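Notes for the one structure printed next.
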Amino acid sequence: MKTLPRSFYARDPAAAARELLGKILVRRLTGHVLSGKIVETEAYYGENDPASKAYRGRKPFNEPMFREAGKTFIYMVHGNWLLNIVAHQEGEVGAVLIRALEPLQGIEVMKRNREAENLKALTSGPGRLTKALAITRDLNGVDVTDSHSDLTVVEGSFVESFEVCTSHRIGVKADLPQKLRFYVKANPFVSRS
DNA sequence: AGGAAGATCTACT
DNA sequence: GTAGATCTTCCTA
């Protein structure tokens, strides 16, 4: 399957977040491949977005959000690693948080990583999916547009516009007026409707 | 040093 | 479905 090019991420974070629905996140481990369809995302901006990690300016840890689109930005919240893909136009700041996947390949390995059997809870949440796919800070800054990376995003199924739902972002203290969360309607792996 | 943070799990009403 | 404990970094003082 074709790996998404950097130009895919070099645009408004909300547009990239919307278009990532239906794409396949691929995690390569020695010996096996884990993958899942992206069914829920959120867009984050820079200094004008109070919920963004970049809100208070450039810091060593949020540096990736200011740098090249198409690379990962991974950080820990409440003991969970959260996976973002940097997405913004040239000179801007932003990223897309991957919030939920529909498991495709390597389900048994994901269950082992998660130490849980329940398929529906395997990757239906930003902290759950990183644990299932063994994503940690080690993968921070990885280029997901490079087909040789341990983590990439490839073409998947097209999601019709009537299947896309939007809402305000989950768990944020101060949200923007726009709805920046995108998810696939009626998909059982969405973290919540 | 202390606390907040884009969450999750468990144990209940 | 909601409530409380706990998870581990990074920020602020």
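For clarity, every value in this text was computed on a predicted model and none was experimentally measured. Below, chain A is the first sequence line, B the second, and so on; all start at residue 1.
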Whole Å only: how far is the [atom1] atom of [X] from the [atom2] atom of [N]?
| X | N | atom1 | atom2 | answer |
| --- | --- | --- | --- | --- |
| A/Glu115 | C/dC7 | CD | P | 14 Å |
| A/Glu42 | B/dA7 | CD | P | 8 Å |
| A/Lys131 | B/dT8 | NZ | P | 11 Å |
| A/Trp81 | B/dT8 | CH2 | P | 15 Å |
| A/Ile85 | B/dG6 | CD1 | C1' | 16 Å |
| A/Asn80 | C/dT8 | CG | C1' | 9 Å |
| A/Leu122 | B/dA7 | CG | C1' | 16 Å |
| A/Arg192 | B/dT8 | CZ | C1' | 13 Å |

Now, which nucleotide makes the Watson-Crick or G-U wobble pair with B/dG6, with each of the two distances under 3.5 Å? none
Applying the 3.5 Å cut-off to both distances, the Watson-Crick or G-U partner of C/dC7 turns out to be none
Under 3.5 Å donor-acceptor, A/Arg11 side chain and A/Phe8 backbone: yes
Give a yes or no answer on whether the side chain of A/Lys23 reaches the backbone of A/Glu19 with a donor-acceptor pair at less than 3.5 Å.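 Here the side-chain-to-backbone pair exists.
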Nearest to the side chain of A/Met76, which nucleotide is it out of C/dT12, C/dT9, B/dA7? C/dT9
Find out whether the Lys NZ or Arg CZ of A/Arg192 is both under 6.0 angstrom from the six-membered ring centre of A/Tyr183 and within 45° of the ring's axis.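 No cation-pi geometry.
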cation_pi(A/Lys53, A/Tyr44) dist<6.0 Å, angle<=45: no
Quick check for you: to the nearest 0.5 Å, what is the distance between A/Lys71 atom NZ and A/Leu139 atom CG?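 A/Lys71 atom NZ to A/Leu139 atom CG measures 14.0 Å (nearest 0.5 Å).
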Most 5' of A/Arg56 and A/Val77 on DNA chain C, judged by nearest nucleotide: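 That would be A/Val77.
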Hey, which sits more toward the 5' end of DNA chain C by its nearest nucleotide, A/Lys59 or A/His78?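 The residue closer to the strand's 5' end, by nearest nucleotide, is A/His78.
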Reckon A/Arg114 has a side-chain N or O less than 4.0 Å from the OP1 or OP2 of B/dT8? no
Reckon A/Arg137 has a side-chain N or O less than 4.0 Å from the OP1 or OP2 of C/dC10?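 Yes, such a contact exists.
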